[in-house]
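Bear in mind the structure is a predicted one, so any value in this text is a computation, not a measurement. Naming: A, B, ... by sequence-line order, numbering from 1 per chain.
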Amino acid sequence: MIEEVKLDEKESRLNNRKKLRELSINPYGYPLPYKPNTSVDELKLKFQDENNFNKEDIYILGGRLLNIRHHGKSIFADLLGVNHKLQIYLKKDELNEKFDIFKNYIDSGDLILAKGYLFRTKTNELTLHILDFHFLAKCILPLPEKWHGLKDTEIRYRQRYLDLFINHEVKQNFIIRSKIIKFLRNYLESKGFMEVETPMLNIIPTGALAKPFKTHHNALDIDMYLRIAPELYLKRLIVGNFDKVYELGKVFRNEGISTKHNPEFTILELYQAFADLNDMITLTEDLISSLVYHIHNSFAIEYQGKTLNFNKPFKKISFPTELAKKGVDIEKLRNDRDYLEKISNELKIPKENRVISHVIDKAFDELVKVDLWEPTFVLDYPVEISPLAISKNDNPLYAERFELFVANFEVANAFSELNDPDEQAKRFLEQQKLKEKGESEAHEYDNDYINALSYGLPPTGGLGFGIDRLVMILTNNVSIREVILFPALLPKK
RNA sequence: GGGCUGGUAGCUCAAUAGGUAGAGCAUUGGACUCUUAAUCCAGGGGUUGCAGGUUCGAGUCCUGUCCAGCCCA
């Protein structure tokens, strides 16, 4: 009497792989007996309304098998493409031994090359009638549940590859992300901007108010920093006589991880010589609204159950005016220490952070930002938090700067770039003073940048976008982790 | 950094008041040549995140710890 061997799922899959090898079939594909001449998605699109098929038209396509349905002497299964799946159909009386190989040794998740002709089943499902197939790769690990999918967020992020092919809708976020990035590049190229790459490894981290990641160059034996922004390098290029440049890439900020912050994220920065803040407003409105239309075929979209309208022009408000409406007087914060303490108490700002720049920033976030739903330009930023922007002609305490807010997110930041080297040097020194007073996110002094400005930077408009947040808004996601393929997580022990 | 919630079979989830840890899907064996969450029959599968503690007895209570999610700083 033969004792029945009970195999668990992984053992069974490994056993099937072993059996294939015993039959001299390579479970991993090489060499390919024939190449694909189409794809699941191509066939699905091409034949979505077609009902007449020619058996002479032979299609060869690769894909992952899911949901295999055995019916004795016939088998149905789904072949997974990028956006679609295609049903395949096998009959024993046509495939003979190959049918048995499929029946006995194929597991869900396996990758195969399928060859056959198209027909429609009586339930009208477009189906590939299989004449031959070839193994491409064996899936030796069990798959998540076919109906409920993979819900565990930890596994979804750590093993994104599983998330992508099990939870079909997840892929859409990343397809849209790619479309957005492609659109931005096309848009800027069409306006005469040139894409450049500047260093990610910096001697001094500059261009933003943020904490950097520190690293070390061994051969030079110096500390270096991952960039927190490409800004100062891009403006050096304008000094170098380029007139329209942009960079699209990662920046790194050593801050908390949350649904809205990933330590590395994607930024778009552009600089246009002989332009100013108003040109950046016009560009931003046009760029964002055409992007929204490109993705959604409408200027109005839904985000978290509420409407966002991207019709030009966007709403414009003034930073000090809005804060004044909420009872915070920036002038008084600058000149009256008791008042600053009072506001700090109201905002629960810790003692060590009670610096003018921090209090202004915090007050805006707490009191104004929370109400900014529709696309809104906030103008007239205080100089204390705008060390790289030119001052307004009529009031040097405020900068020619805007931030664009959408759905309570800051999505863009722009200024008329400060191009007076003496004034820039003074601003850097003021930032050092703030740092001494306890502002941990003050701008570093960059001597070489002052040197560059000393050769003459023409009046320049600069603009930066947070790409991840833009993608979140356009894909209706509240967590940045849903739009970053491999978000930062702590290592699993 | 703080608070709250969670972690149980490959996956999705149960488990009354502290009393033998269950189901569906997946998987294994069998039947089935138009199914699509296929169906029908029969099985196997667990160190309940980890380390301690209380108890005759812990998935459940306590302490610590790790990871995740949400909120706050």
Dot-bracket encoding per residue of RNA chain B, Watson-Crick/G-U cut-off under 3.5 Å, | denoting interstrand: (((((((..((((.....[..)))).(((((.......))))).....(((((..]....)))))))))))).
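- Taking both residues in full, the closest heavy atoms of A:Leu463 and A:Ala412 are given as CD1-CB, 4.2 Å, listed atom of the first, atom of the second, then distance.
- At the heavy-atom level, A:Gly256 lies nowhere under 4.0 Å from the strands shown.
- Residue side chain A:Thr121 reaches the base of B:U35 through a donor-acceptor N/O pair under 3.5 Å, judged by distance alone.
- A:Leu489 comes within 4.0 angstrom of the backbone, heavy atoms only, and of no base.
- Of the candidates B:C70, B:C11, B:A73, the closest approach to any side-chain atom of A:Pro144 belongs to B:C11.
- Rounding to whole angstrom units, CD of residue A:Glu145 and P of B:U27 are separated by 11 Å.
- In this model, the phosphate group of B:A37 is not approached by any side-chain N or O of A:Asn67 to a distance below 4.0 Å at OP1 or OP2.
- Taking atom P in both B:U39 and B:C25, the straight-line distance is 7 Å, to the nearest Å.
- Across B:G6 and B:C13, the matching P atoms stand 14 Å from one another, rounded to whole Å.
- A side-chain donor-acceptor contact under 3.5 Å links A:Tyr161 and A:Gln159.
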Checking salt bridge (Lys or Arg N to Asp or Glu O under 4.0 Å) for the pair A:Asp163/A:Arg156: CA distance, chi angles, key distance, verdict? CA-CA 5 Å; A:Asp163 190 29; A:Arg156 286 187 50 228; 2.9 Å; yes
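- Taking atom C1' in both B:G19 and B:G59, the straight-line distance is 13 Å, to the nearest Å.
- When the P atom is used for both B:G29 and B:U48, the distance is 29 Å, rounded to whole Å.
- At a threshold of 4.0 angstrom between heavy atoms, the contacts of A:Arg120 with the nucleic acid are absent.
- Residue A:Thr153 has its side chain nearest to B:G69 when only B:U27, B:U35, B:G69 are considered.
- Straight-line distance from the NE2 atom of A:His70 to the C1' atom of B:C32: 12 Å, rounded to whole Å.
- In this structure, A:Lys146 reaches the B:A26 phosphate: one of its side-chain N or O atoms is under 4.0 Å from OP1 or OP2.
- Side chain of A:Asn262 to main chain of A:Glu264: a donor-acceptor pair is present (N/O by atom type, distance under 3.5 Å, no hydrogens or angles).
- Atom C1' of B:G1 sits at a distance of 40 Å from the matching atom of B:G57, rounded to the whole Å.
- Looking at the side chain of A:His148, the nearest of the listed nucleotides B:U33, B:U12, B:A68 is B:U12.
- Among the atoms of the strands shown, base atoms are found under 4.0 Å from some heavy atom of A:Asp93.
- Listed nucleotides: B:C67, B:G69, B:U28. Nearest to the side chain of A:Asp107: B:U28.
- Although no hydrogens or angles enter the test, the distance criterion places no donor-acceptor pair under 3.5 Å between the side chain of A:Tyr89 and the main chain of A:Thr121.
- The existence of a salt bridge linking A:Glu439 and A:Lys433 is excluded, since no basic side-chain nitrogen approaches an acidic carboxylate oxygen closer than 4.0 Å.
- The P atoms of B:C70 and B:U35 are separated by 43 Å, rounded to the nearest whole Å.
- At whole-Å resolution of the value, NZ in A:Lys151 and P in B:A14 are 10 Å apart.
- Among the heavy atoms of the strands lying under 4.0 Å from A:Tyr157 are primed sugar atoms or P, OP1, OP2 only; no base atom is included.
- Taking only side-chain atoms of A:Glu154, from C-beta outward, the nucleotide of B:U35, B:C67, B:G69 with the closest atom is B:C67.
- Toward the 5' end of RNA chain B, the nearer of the two residues A:Pro142 and A:Lys73, judged by each one's closest nucleotide, is A:Pro142.
- In this structure, the CG atom of A:Asn167 is 12 Å from the C1' atom of B:U12, given to the nearest Å.
- Candidate nucleotides B:U12, B:U27, B:U35 were compared by shortest atom distance to the side chain of A:Leu150, and B:U12 ranks first.
- B:A15 and B:C61 have their P atoms separated by 13 Å, given to the nearest Å.
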Check against salt bridge (Lys or Arg N to Asp or Glu O under 4.0 Å), A:Arg64 and A:Asp110: CA-CA 6 Å; A:Arg64 192 182 293 278; A:Asp110 286 359; over 6 Å; no
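- Contact annotation: A:Arg69 does not reach the phosphate of B:U39 (side-chain N/O to OP1 or OP2, under 4.0 Å).
- Close placement of the A:Phe364 and A:Phe405 rings is indicated, their centers lying within 6.0 Å of each other.
- With respect to the salt-bridge test (charged N to carboxylate O, under 4.0 angstrom), the residues A:Arg13 and A:Glu9 qualify.
- Taking atom CG of residue A:Leu162 and atom P of nucleotide B:G10, one finds them 14 Å apart after rounding to whole Å.
- The side chain of A:Thr259 lies closest to B:C70 when the candidates are B:C11, B:U35, B:C70.
- Residue A:Glu9 places no side-chain atom within donor-acceptor reach of the base of B:U28, judged by atom type and a 3.5 Å distance cut-off alone.
- Note on A:Ile155: only backbone sugar-phosphate atoms sit closer than 4.0 angstrom, heavy atoms only; bases stay farther off.
- Contact check, A:Arg156 against B:G69: no side-chain N or O comes under 4.0 Å of OP1 or OP2.
- Between B:U47 and B:U63, the distance separating the two P atoms is 26 Å to the nearest Å.
- For A:Tyr398 and A:Tyr381, the distance between ring centers is not under 6.0 angstrom.
- Both A:Arg158 and A:Phe76 lie close to RNA chain B; mapped to their nearest nucleotides by heavy-atom distance, the more 5′-ward contact belongs to A:Phe76.
- As rounded to whole Å, 10 Å separates atom P of B:U28 from atom CD1 of A:Ile68.
- Residue contacts shown for A:Phe119 include a base, since a base heavy atom lies under 4.0 Å away.
- The phosphate of B:U28 has OP1 or OP2 within less than 4.0 Å of a side-chain N or O from A:Ser12.
- Distance OH (A:Tyr105) to C1' (B:U28): 15 Å, rounded to an integer number of Å.
- As rounded to whole Å, 17 Å separates atom P of B:A38 from atom NZ of A:Lys122.
- Shortest non-hydrogen contact noted between A:Ile222 and A:His216 is O-ND1, 3.4 Å.
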